[in-house]
Amino acid sequence: MTDVTPTAATGLDVVLGVSGGIAAYKAAEVLRLFTEAGHRVRVVPTAASLNFVGAATWEALSGQPVQSEVFDHVDEVAHVRIGQSADLVVVVPATADLMARAAAGLADDLLSTTLLTARCPVVLAPAMHTEMWDHAATAANVAVLRSRGVHVIEPAVGRLTGVDTGKGRLPDPADIVAAALGLLDPVPARPHDLSGKRVVVSAGGTREYLDPVRFLGNRSSGRQGWALAEAAVARGAEVTLVAANVALEPPAGVEVVSVVSTEDLRLTMLEAARDADVVVMAAAPADFRPAEFIGTKIKKTPDGAAPQISLIENPDILAELVASRHGAASPVLVGFAAETGDESATVLEHARAKLARKGCDLLVVNDVGGGRVFGSEDTEAVILSAGGSSTEISFGPKIDLAHAVWDACVHEMDD
Ligand code: CTP
């Protein structure tokens, strides 16, 4: 490993592992993106992967020699040196077999020994059929690898080999490269302090349908939740993003679960929170829903009478998450509050009262008087803790606020 923090400007020594799946040909695009960005790439294919893309292709594209076995060129001690000198190891595609061997610590070829000797960030981009990804053995191997700080990117959902579709498709090469380089981004240096942690973030605004085409909704864009998810991935967390009606591209390396209504969001959050270390409720759930859903489109009446819509209150998800936790292993719970000051209290007074009422550990408070923050790229906030601390985050990108929230969560977990 190099002594200085490697950057895109100085060029990285990247090891591109290729294991034996049909998506091996897409590793060529990953290689191209790294080399075009000025990095040096050494390709280490498994023997099985050479059935899909041959060594000559990798040598031509990388300009470097290619070997698969530990007994090739033994004098160079490649099985140790390649991993030791890498700034980044990225495996594209990572098959179920490769991940099983990595989780077990096997060292029976050059790629597996490289994974054991690397001390730099290791990124695995899985690709396999949905059944293989969903299998308990694969899930256990992925969990073991993530707990050791290996960055296993969530596979994409889409067309697989053959006629089937589902989860297991190789993520887009540009997303793989962005996720991998994001782990090394030194500006600003982010600690890998969420490694091995499972975090759940809700984002967006829920919709309550009146009929098949009309709904009650709100102005939440989901951008803050997205920034939280991206920041958590960069700090090594396993991230589930529960997205309510968000029109943004899913962030790389994040499992996205889509929901529509507050009840959908509630059920998904209660389930996901069970084995989470941190749960952040950045979504804006609709507080009310129509008492009745009309299954066909509501029509105008000839006499021009407007329909009367009666509303009922939705459950408070954050309060339920607080009520459902028990024991020391329960997650850190974070709420968001968009407040305006009024004649009865200031923004912060309302927020302190809300923090006490909800019973969560942290509350991130935005002053939304005058339409500020909604949908914008920048924000300012105050992070209040149940312990009484208050941290002001000055106006800036939502990703900066996201990192400040994770700093506060790490502090809560350490307490
Ligand atoms: N929240 C929730 N379930 C709801 C409403 C809100 O979990 N039904 C969460 C939000 O995601 C947020 C926090 O509670 O993290 C505060 O949301 P806010 O709308 O400010 O709270 P309310 O209790 O609805 O307060 P108000 O009466 O001020 O709207």
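Hydrogens, waters and symmetry mates play no part in the numbers below; they use all other heavy atoms, side chains included. Just so you know, ligand 1 is whichever comes first in the structure, and atom 1 is the first atom listed for that ligand.
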Quiz item: Does any N or O in the side chain of Asn141 come within less than 3.5 Å of the main-chain N or O of Met99, such that one atom is a donor and the other an acceptor?
Solution: no

Practice problem: For the residue pair Arg146 and His151, confirm or rule out a side-chain donor-acceptor distance under 3.5 Å. | Solution: no

Self-check item: Any donor-acceptor N or O pair under 3.5 Å, side chains Asn218, Ser220
Solution: no

Quiz prompt | Verdict with supporting geometry, Leu216 and Arg289, side chain to side chain contact (heavy atoms under 4.5 Å, CB included) | solution = CA-CA 7 Å; Leu216 300 173; Arg289 67 177 184 276; 6.0 Å; no

Would you mind listing each N/O atom of ligand 1 next to any protein N/O under 3.5 Å, plus the distance?
{"residue": "ligand 1", "atom": "3 (N)", "partner": "Ile317", "partner atom": "N", "Å": "3.0"}
{"residue": "ligand 1", "atom": "7 (O)", "partner": "Ile317", "partner atom": "N", "Å": "3.3"}
{"residue": "ligand 1", "atom": "7 (O)", "partner": "Leu318", "partner atom": "N", "Å": "2.7"}
{"residue": "ligand 1", "atom": "8 (N)", "partner": "Pro315", "partner atom": "O", "Å": "2.9"}
{"residue": "ligand 1", "atom": "11 (O)", "partner": "Met281", "partner atom": "O", "Å": "3.3"}
{"residue": "ligand 1", "atom": "11 (O)", "partner": "Ala283", "partner atom": "O", "Å": "2.7"}
{"residue": "ligand 1", "atom": "14 (O)", "partner": "Lys358", "partner atom": "NZ", "Å": "2.9"}
{"residue": "ligand 1", "atom": "15 (O)", "partner": "Met281", "partner atom": "O", "Å": "2.7"}
{"residue": "ligand 1", "atom": "15 (O)", "partner": "Phe336", "partner atom": "N", "Å": "2.8"}
{"residue": "ligand 1", "atom": "15 (O)", "partner": "Phe336", "partner atom": "O", "Å": "3.2"}
{"residue": "ligand 1", "atom": "20 (O)", "partner": "Lys354", "partner atom": "NZ", "Å": "2.5"}
{"residue": "ligand 1", "atom": "21 (O)", "partner": "Lys354", "partner atom": "NZ", "Å": "3.4"}
{"residue": "ligand 1", "atom": "21 (O)", "partner": "Lys358", "partner atom": "NZ", "Å": "3.4"}
{"residue": "ligand 1", "atom": "23 (O)", "partner": "Lys358", "partner atom": "NZ", "Å": "2.8"}
{"residue": "ligand 1", "atom": "24 (O)", "partner": "Asp287", "partner atom": "OD1", "Å": "3.2"}
{"residue": "ligand 1", "atom": "24 (O)", "partner": "Asp287", "partner atom": "OD2", "Å": "3.1"}
{"residue": "ligand 1", "atom": "25 (O)", "partner": "Lys354", "partner atom": "NZ", "Å": "3.1"}
{"residue": "ligand 1", "atom": "28 (O)", "partner": "Lys354", "partner atom": "NZ", "Å": "2.8"}

Self-check item: Centroid-centroid under 6.0 Å between Phe215 and Tyr209 rings
Solution: yes

Cut-off 3.5 Å, no hydrogens considered: what does the side-chain donor-acceptor table look like for residues 386-393, sequence neighbours left out?
{"residue": "Ser389", "atom": "OG", "partner": "Ser385", "partner atom": "OG", "Å": "2.9"}

